Each structure stands twice: as C-alpha cells, then as structure tokens.
Amino acid sequence: MSYLRSWFSFDTSSPVTTAEPNDSYPNQPLPVLEVNEDDEDDGSDTAGEDDVPPAFPAINSAQRAATSPSSSSDSSRGFSIPNILTDSALMPPPPAPSLATRRPGVPPPQSSSSLLAPMTTTQPPKRLSRRDKVALAPGFGPLDWGNLKASGQNLRGVDALMRIPPSVLKLHNKKEDAWTAINGKVYNITPYLPYHPGGEKELMRVAGRDGTKLFSLTHAWVNADFMLDACLVGFLVSEPS
C-alpha cells in the first residue's frame with residue numbers, strides 16, 4: 001500500500017515545469033471534417049413506397065416462365081389468377097365401402113377397387129345359444145355365498161376326501177344329493193344350487209357326471225377351485241380293474 005501511495009501521490013514541493021512553445025513547430029490548423037448533407041438518409045427515397053409483398057413465384061423463376069404471358073403479367077402487378085381444373089383433370093372420389101350391405105362371414109364381391117382384406121372363411125359364424133341369468137332369491141347372492149363358506153359349516157357332506165370313480169359319481173344326480181367333477185375334482189354342488197347365477201336347472205345338467213367340458217364352454221374364466229373349495233368331496237379316478 002505504501003508503494004501505491006508513493007506512486008499516486010503528488011509532490012507539491014517540487015516546482016512544476018511548463019512546456020514553452022517552440023518556434024520551430026509553427027501552429028498548424030487542425031483539419032475540419034466536413035459533413036455532406038446530401039449523404040444523410042432521411043427516408044425520402046422510400047417515402048412513396050407501400051408495403052407490397054414480393055411477387056411469388058419470383059419474376060425470373062421457372063414456374064413463372066412456364067405460365068402463360070397473361071398470367072405472368074397479372075402476377076407482376078401483384079395478383080395471380082388460379083387455374084381452375086376441369087372434371088377430367090380432377091381425381092375421382094374413392095368407391096363407397098358399402099359397409100351396410102356386408103354380412104359377417106360372407107366375403108364381399110370381388111372388385112379391383114376394394115381395399116378390404118380377404119376373409120378367412122366363407123361360412124357365416126355360428127350363433128351361440130343365449131344364456132340368461134335368473135333372478136336369485138334375496139340372501140343368495142355372491143356375497144352371501146362367501147359368508148356361508150366362511151361360516152365353517154360342513155358343505156362337503158363327507159368326513160374325509162375320497163377317491164371317486166365315475167360309477168360312484170353318477171349315483172349323486174339328485175337335487176338333494178348332487179355331485180359333479182370339474183378338472184378332476186369332485187364337488188358337492190347341492191349347497192351351491194340356490195346361489196348359481198344361471199339357475200338350478202343349468203347347474204343340474206352336470207350333476208352325477210364330469211362337467212369340465214360344459215363348464216369350460218359356459219364360463220371358462222370362473223375359478224371353480226375358489227368358488228367351490230368348501231364343497232370339495234374328493235378326486236375323480238378311473239374305474240378299478
């Protein structure tokens with residue numbers, strides 16, 4: 001800091017020397033920069049122009065050269081007349097899909113303009129039999145069936161699991177004593193009859209026999225093991241030799 005102070009300090013004790021004019025260098029006047037008022041752009045050159053967009057296409061473009069002389073002269077004035085296409089130059093509309101006349105499973109008539117994918121079969125689909133649900137009695141809904149299973153009541157009707165051949169299974173085909181086999185397991189479906197959404201009559205169709213095929217065709221998404229686990233009687237085995 002002392003060094004900087006000595007550097008920037010002014011010594012007032014020393015005499016100030018002034019430069020005396022030297023006669024060897026005469027005083028010469030400094031050159032004066034002259035400003036030309038004509039060079040200044042005051043915007044007078046573009047005062048009369050309007051905001052007209054440039055011509056499109058350009059005046060010397062190939063597109064403009066290909067047009068007729070009348071159209072090019074019109075375009076140079078700032079506007080162009082569009083060309084009106086005739087009916088022969090227009091693209092024809094696509095053919096009607098005729099979706100209202102199509103029948104499921106029947107291929108459409110062959111035509112060169114059809115964009116539809118070819119059908120995989122020529123036979124109409126088979127109509128599945130309609131399954132109507134029946135109105136269950138009060139207190140026999142799915143939640144009521146779950147509460148009955150959780151109550152601890154014996155719904156099997158037997159004391160221990162058994163090995164049941166088809167000859168024994170067919171004996172239990174009555175409403176008061178109905179057994180069926182689903183996926184190799186035999187269930188006592190008598191307690192479940194009033195809870196079946198399809199009705200007791202539909203469930204009795206598999207009483208006394210193996211109902212795996214009919215169960216898969218009707219509602220394969222239903223988990224029979226969970227639905228009838230409390231009614232498990234035994235396992236279906238082949239007839240003893």
Side-chain angles (χ1 to χ4, degrees), residues 97-110 116-241:
S98 302
L99 296 178
T101 60
R102 292 180 57 193
R103 295 180 55 191
V106 179
Q110 298 294 333
L116 299 176
M119 304 295 293
T120 57
T121 179
T122 57
Q123 298 179 357
K126 298 180 180 180
R127 298 185 60 183
L128 301 178
S129 59
R130 182 180 178 185
R131 297 188 304 109
D132 295 330
K133 293 185 178 181
V134 298
L136 300 177
F140 292 93
L143 296 179
D144 301 316
W145 172 250
N147 295 332
L148 180 60
K149 291 196 308 177
S151 63
Q153 184 178 349
N154 185 11
L155 303 179
R156 295 187 174 91
V158 295
D159 296 334
L161 298 179
M162 301 181 298
R163 299 167 61 89
I164 304 170
S167 58
V168 178
L169 178 61
K170 68 179 182 180
L171 300 177
H172 302 269
N173 57 357
K174 302 295 188 296
K175 184 176 179 180
E176 296 78 12
D177 184 19
W179 290 4
T180 187
I182 300 176
N183 298 326
K185 297 181 180 180
V186 181
Y187 300 97
N188 179 18
I189 59 176
T190 300
Y192 186 66
L193 285 176
Y195 297 90
H196 186 238
E200 299 181 5
K201 183 179 180 180
E202 290 294 325
L203 191 57
M204 285 299 298
R205 295 175 57 188
V206 296
R209 65 184 186 92
D210 190 353
T212 303
K213 182 178 180 180
L214 184 59
F215 178 84
S216 300
L217 293 176
T218 307
H219 35 52
W221 60 89
V222 177
N223 190 348
D225 294 337
F226 176 77
M227 187 68 64
L228 301 173
D229 55 351
C231 303
L232 182 62
V233 176
F235 302 92
L236 183 67
V237 296
S238 58
E239 293 288 346
S241 56

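Worth saying up front: this structure is predicted, and the values here are computed from it rather than measured.
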> I need the L155 CG to W145 CH2 distance, nearest 0.5 Å.
5.0 Å
> What's the shortest heavy-atom distance between R156 and N188, and which atoms?
O-ND2, 3.1 Å
> Of all the heavy-atom pairs spanning D210 and T212, show the shortest one and how long it is.
OD1-OG1, 2.8 Å
> Within the supplied structure, the quantity of interest is the number of heavy atoms (other residues, nucleotides, ligands) at a distance under 6.0 Å from N223 CG; does it exceed 12?
yes
> Just say parallel, tilted or perpendicular for the rings of W179 and H172, cut-offs at 30° and 60°.
parallel
> How many angstroms lie between atom NZ of K185 and atom CG of L232, to the nearest 0.5 angstrom?
6.5 Å
> Any side-chain heavy atom of L136 within less than 4.5 Å of one from P194?
no
> Measure the shortest side-chain to side-chain distance between Y195 and I189 over non-hydrogen atoms and say whether it is less than 4.5 angstrom.
no
> For E239 versus S167, what's the shortest heavy-atom pair and its separation?
OE2-N, 2.6 Å
> Give me the one residue out of L161, L169, V168 that meets side chain to side chain contact (heavy atoms under 4.5 Å, CB included) with V186.
L169
> Minimum heavy-atom separation for A181 to L236, with atom names?
CB-CD2, 3.8 Å
> Is the W221 ring parallel, tilted or perpendicular to the H219 ring (thresholds 30°, 60°)?
perpendicular
> Could you grab the distance from atom CD of E202 to atom OG1 of T218, nearest 0.5 Å is fine?
7.5 Å
> Kindly indicate whether the side chain of K174, heavy atoms from C-beta on, has any atom under 4.5 Å from the side chain of T190.
no
> The test is side-chain contact (heavy atoms from CB on, under 4.5 Å); show your working for M227 and I182 and say whether it passes.
CA-CA 12 Å; M227 187 68 64; I182 300 176; over 6 Å; no
> For P165 and S238, which heavy atoms make the closest approach, and how far apart are they?
CB-O, 4.1 Å
